[in-house]
Amino acid sequence: MTLLSVPVVTIDGPSGTGKGTLAEALAAHLGWHCLDSGALYRALGLAAEREGLALDDPEAMASLAARLPLGFAGRRVLLDGEDVSDAIRTERAGMAASRVAAHAPVRAALLEWQRRQALAPGLVADGRDMGSVVFPLAPLKIFLDASPEVRADRRYKQLKEKGLDASLPDLIRDICERDQRDRSRATAPLRPATDAIMLDSSTMSIAEVLDRVLEEVRRVFPEQVS
Ligand code: DC
């Protein structure tokens with residue numbers, strides 16, 4: 001297992017818990033890099049659909065993952081130079097991501113790339129298996145959860161704010177279906193690392209969650225954070 005040369009905080013949990021927002025806010029606060037690993041699987045699912053490849057074919061998906069022309073420009077995600085930041089955020093892209101992410105060869109193909117993102121001065125890594133598989137030696141691991149109803153309601157409000165059509169019962173059903181697939185897959189299932197700190201964000205604002213996590217960051221990395 002590779003030792004980490006820079007401080008790493010992992011933030012795992014199901015979608016809709018505020019993980020991504022927390023990871024970005026924490027990284028900005030600390031001046032560290034941020035890895036949104038979900039964007040990798042989402043971009044892969046989008047690329048597969050565009051190329052007309054079968055999402056359920058592990059080998060085809062792994063070979064696409066190995067040659068994925070992915071780039072990042074700040075917070076924007078580029079696929080073959082095209083800005084796909086919005087295209088990968090749809091419910092459809094989330095479902096496609098969950099399907100391609102279930103294949104062990106796909107996860108293996110993306111592992112080293114993710115580990116290489118641990119760069120000075122530090123990394124906040126957001127996903128499902130950041131603490132359990134990708135950075136098992138991270139000194140601080142957070143597992144963020146919230147009830148499916150709260151998560152669906154947050155997503156519903158986000159979609160409505162964007163002027164998009166949404167149905168709350170459909171969102172709850174989709175979230176439960178995606179959780180079920182992410183939790184039950186054989187490789188890197190969505191599960192807290194044994195040494196993760198569990199936080200339930202159902203009744204907390206993002207600012208409250210950030211404060212709580214910053215307390216832990218100060219405890220674990222006293223030299224890096226004032
Ligand atoms: O965090 P997200 O909603 O953008 O993730 C999209 C899908 O990608 C999610 O259903 C599961 C998968 N995923 C994963 O399997 N492992 C990760 N580290 C990140 C995401």
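Atoms within a ligand are numbered from 1 in the order they appear, just like the ligands themselves. Every value quoted in this text rests on a predicted model; they were computed, and no experiment measured them.
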Please state which part of [X] comes within less than 4.0 Å of ligand 1, counting heavy atoms only: side chain, backbone, both or neither.
X	answer
S15	side chain
R185	side chain
R128	both

message: Just checking R92: does its CZ atom have more than 12 heavy atoms from other residues, nucleotides or ligands closer to it than 6.0 angstrom?
response: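 12 or below, so no.
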Under 4.0 angstrom from ligand 1, any heavy atom of [X]?
X	value
R107	yes
R181	no
K19	yes

task: Look at atom 20 (C) of ligand 1 and say which protein heavy atom is nearest, naming residue and atom and giving the distance to 0.1 Å.
output: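 For this ligand atom, the closest protein heavy atom is G38 CA, 3.6 Å.
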query: What protein heavy atom sits nearest atom 12 (C) of ligand 1, and how far off is it?
result: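 Protein heavy atom at minimum distance: A101 CB, 3.7 Å.
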Please list, in number order, the atoms of ligand 1 under 4.0 Å from a heavy atom of [X].
X	value
S37	17 (C), 18 (N), 19 (C)
M130	18 (N)
G127	18 (N), 19 (C)
A97	6 (C), 7 (C), 8 (O)

field: Polar atom proximity, D182 to ligand 1 (N or O, under 3.5 Å)
entry: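 Among all N and O atoms of D182, at least one is under 3.5 Å from an N or O of ligand 1.
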message: Is it the case that ligand 1 has an N or O less than 3.5 angstrom from some N or O of Q114?
response: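 Min N/O separation from ligand 1 is not below 3.5 Å for Q114.
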message: Please check this pair: side chain of E24 against backbone of T21, looking for a donor-acceptor N/O pair closer than 3.5 Å.
response: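 It does not hold such a pair.
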query: Quick check: does any side chain N or O of K162 sit under 3.5 Å from a backbone N or O of K157, one acting as donor and the other as acceptor?
result: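 Here the side-chain-to-backbone pair does not exist.
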query: Do the side chains of L53 and E51 get nearer than 4.5 Å, heavy atoms only?
result: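 Yes, side chains in contact.
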- request: Would you tell me whether D182 and S98 have side-chain atoms, one donor and one acceptor, within less than 3.5 Å of each other?
  value: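 Checked: D182/S98 side chains pair up, N/O donor to acceptor below 3.5 Å.
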Check this for me, if you would: do [X] and [Y] make a salt bridge, where the nitrogen-to-carboxylate-oxygen distance has to be below 4.0 angstrom?
X	Y	answer
R219	E215	no
R173	D179	no
D12	R128	no

